[in-house]
Amino acid sequence: MAHEKQRLNYVLFLIAGAGLVNVARAMTLSFLAIKLQQTFGLGPAMIGMLLGIGPLVGAVAAPFAGSLSDKIGRKTVLTLTLLSMALAMVGMGVAETVIAFCIAQVVAAVAIAINEPVSRALMSDVCLEPLRLKYFSWRYMAINFGFAVGPLIGIAAGAASMTLFVIAGIVYALFALALYMLKVPVQLSEAEQAPAPKISVLQSIKMAIRDPRLAFFVGGGTMLVAVYGQWSATLAPYLAGNIAGGVEIFAYIVSINGAVVLIGNPFARLFIERAGALNALVTGCLLFLVGELGFLASSGLWGLAISMVIFTIGEILVVPSEYMLVDGISNDRNRGSYFGAHSFSTVGNFVGPTFGGLMLGAFGGPGMFLLFAGFSIVSAILFAIGTRMPPPKASVELAPAAASSGAVGPHLRGAYA
């Protein structure tokens, strides 16, 4: 009983930490474009290119960091990542040249890309399997709370001010210290305590990549992130250029998105528990489709608001479901590798704004919204195919007990439409 209480307290610590560091992240990184424009006088094209480099590098680095966390421990990797983030924040705050600022920004973006999959893997390590969906859902809500509060703090204190970056760096450093001081309450089963085959980081990455289930999940995840990851980057210019009062409407749309996430998250978790992760994810993809078509057909606030509600419900269904599907095909020895490899799907944060912007410029709103609607359907198909693929033979040979249980976890079992 005492050990279960330790698990719960540690999970709550991780959830609270996720919310806190995302407040720090949102109150600073939300205004990077403004800082680059006002402080260094850069144009939109250069700003977009500079801000896109970090996520691309992070998408490549995250699989290696995830596999490394399987070898040396999640806590070690996360502590180093948070300290790197702290230094990068301070560096952006005090940078006096574009080069210095951009180097710090790339370090921050890579640290963020590494932090997410390793944090999720650590939560899976600590959480008992039946409770993982619940706490993944809480973590997602804490992150969104951070992004709802952070920008308001940033505006109140002065967007992109040096003080905010330094404060954010201190927050990351304190969380890193707390994480380092606390013991991870993980109790392995006899099967998990058995000696594991000695494999290198590169081998573990290859094993994860060769899992056909994960390959389909990465493809589907990339499409999903392209749809919802940077929706504001494409919807904002469309509203500003095509809808009367588009800028004011966009502000309302952002608030609606945040409110629906916070209010609807508990109900989404209950739906996922009853319907299964795959069915919930497919439902979310269909809601993305309806939301995108709604944006296309709407010409005023009410139509756009209803479409955003539908779109956001899709978001709060697909995000936890996707995490649970990846968790369901991994085990305690390769979870970092799997979440790390899956984080390559964050390249969708580059695909969405890039291709969406191109379609908006070439074909207007219909081209952009239909592209994202198509991404939603393709994603649902890829995830459905992935859940039906058999596990790779290499995984079964290296860890038969863990692989077999991961292949048919409770969030995959009975989840086929």
Side-chain angles (χ1 to χ4, degrees), residues 120 129 132-134 136-137 140-141 144 211-229 231 257 260-261 264-296 306-330 338-339 341-349 351-352 356 369-391 406-417:
R120 293 196 293 266
E129 197 167 26
R132 285 175 188 167
L133 173 60
K134 174 182 178 180
F136 270 128
S137 180
Y140 177 60
M141 188 161 57
N144 278 278
D211 188 331
R213 302 167 299 176
L214 184 62
F216 279 99
F217 288 176
V218 170
T222 301
M223 296 292 100
L224 282 180
V225 173
V227 173
Y228 75 81
W231 61 264
N257 175 261
V260 173
V261 168
N265 204 52
F267 300 99
R269 176 172 59 82
L270 293 175
F271 180 81
I272 296 169
E273 289 176 344
R274 295 177 181 178
L278 177 61
N279 287 338
L281 185 138
V282 171
T283 301
C285 290
L286 293 176
L287 290 174
F288 278 154
L289 170 66
V290 175
E292 294 292 344
L293 295 179
F295 290 141
L296 175 59
I306 294 172
S307 299
M308 177 51 70
V309 170
I310 296 171
F311 181 92
T312 307
I313 294 174
E315 179 184 347
I316 61 179
L317 286 177
V318 302
V319 173
S321 297
E322 187 177 1
Y323 294 163
M324 296 314 301
L325 287 171
V326 176
D327 181 74
I329 64 172
S330 65
Y338 272 61
F339 274 110
H342 177 260
S343 69
F344 188 75
S345 62
T346 57
V347 73
N349 283 318
V351 173
F369 292 126
L370 290 177
L371 173 69
F372 290 144
F375 281 175
S376 302
I377 297 301
V378 172
S379 177
I381 294 172
L382 290 175
F383 274 101
I385 294 174
T387 55
R388 289 165 171 77
M389 299 295 291
V408 195
H411 300 289
L412 293 179
R413 201 177 292 122
Y416 305 119

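For the pair Leu214 and Ala341, the tightest heavy-atom approach, listed with the atom from each and the gap, is CD2-CB, 3.7 Å. Summarising the geometry of Val260 relative to Ile313, their closest heavy-atom pair is CG1-CG1, 4.1 Å, with the distance given to 0.1 Å. Heavy atoms only, all atoms of each residue included: Val318 and Leu224 are closest at CB-CD1, 4.2 Å. Of all the heavy atoms in Gly220 and Leu382, the pair that sits closest is N-CD1, 3.5 Å. Here the closest non-hydrogen pair linking Glu322 and Gly221 is OE2-CA, 3.2 Å. Here the closest non-hydrogen pair linking Phe288 and Ser376 is CB-OG, 3.3 Å.
Atom CZ of Arg269 sits about 9.0 Å away from atom CD1 of Ile272, to the nearest 0.5 Å. Atom CG of Leu287 is separated from atom OG of Ser307 by 11.5 Å, given to the nearest 0.5 angstrom. Atom CD1 of Ile329 and atom CE of Met324 lie 12.0 Å apart (nearest 0.5 Å). The SG atom of Cys285 sits 10.0 Å away from atom OH of Tyr228, with the distance rounded to the nearest 0.5 Å.
With a 4.5 Å cut-off on side-chain heavy atoms, Asn257 and Glu315 count as touching. Looking only at side-chain heavy atoms (C-beta outward), Pro320 and Leu133 come within less than 4.5 Å of each other. In this structure the side chain of Arg388 reaches within 4.5 angstrom of the side chain of Leu278, judged on heavy atoms. Residues Tyr140 and Tyr323 form no side-chain contact, since every pair of their non-hydrogen atoms from C-beta on lies 4.5 Å or further apart. For the pair Thr387/Phe217, a side-chain contact is recorded, criterion being any heavy-atom separation below 4.5 Å from C-beta on. Counting only heavy atoms from C-beta outward, the side chains of Tyr338 and Asp327 never approach each other to under 4.5 Å.
Other residues, nucleotides and ligands contribute more than 12 heavy atoms inside 6.0 Å of the CZ atom of Phe369.
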How far apart are the C-alpha atoms of Phe267 and Ile316, what are their side-chain angles, what is the distance that settles it, and do they pass the side chain to side chain contact (heavy atoms under 4.5 Å, CB included) test?
CA-CA 9 Å; Phe267 300 99; Ile316 61 179; over 6 Å; no

Worked verdict on Arg120 versus Val326 for side chain to side chain contact (heavy atoms under 4.5 Å, CB included):
CA-CA 10 Å; Arg120 293 196 293 266; Val326 176; over 6 Å; no

Side chain to side chain contact (heavy atoms under 4.5 Å, CB included) between Thr346 and Thr222: does it pass, once the steps are laid out?
CA-CA 6 Å; Thr346 57; Thr222 301; over 6 Å; no

For side chain to side chain contact (heavy atoms under 4.5 Å, CB included), just list the numbers for Phe295 and Phe372, CA-CA rounded to whole Å, side-chain angles, deciding distance to a tenth of an Å, and then say yes or no.
CA-CA 11 Å; Phe295 290 141; Phe372 290 144; over 6 Å; no

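A distance-only check finds a donor-acceptor pair linking the side chain of Asn265 to the backbone of Ser137 [under 3.5 Å]. Remark: the backbone N or O of Phe375 is not paired with any side-chain donor or acceptor of Ser379 at under 3.5 angstrom.
Here the rule is side-chain contact (heavy atoms from CB on, under 4.5 Å) with Phe383, and of Leu281, Val282, Val378 only Leu281 fits it. Across Asp211, Ile385, Leu325, a single residue satisfies side-chain contact (heavy atoms from CB on, under 4.5 Å) together with Phe216, and that is Ile385.
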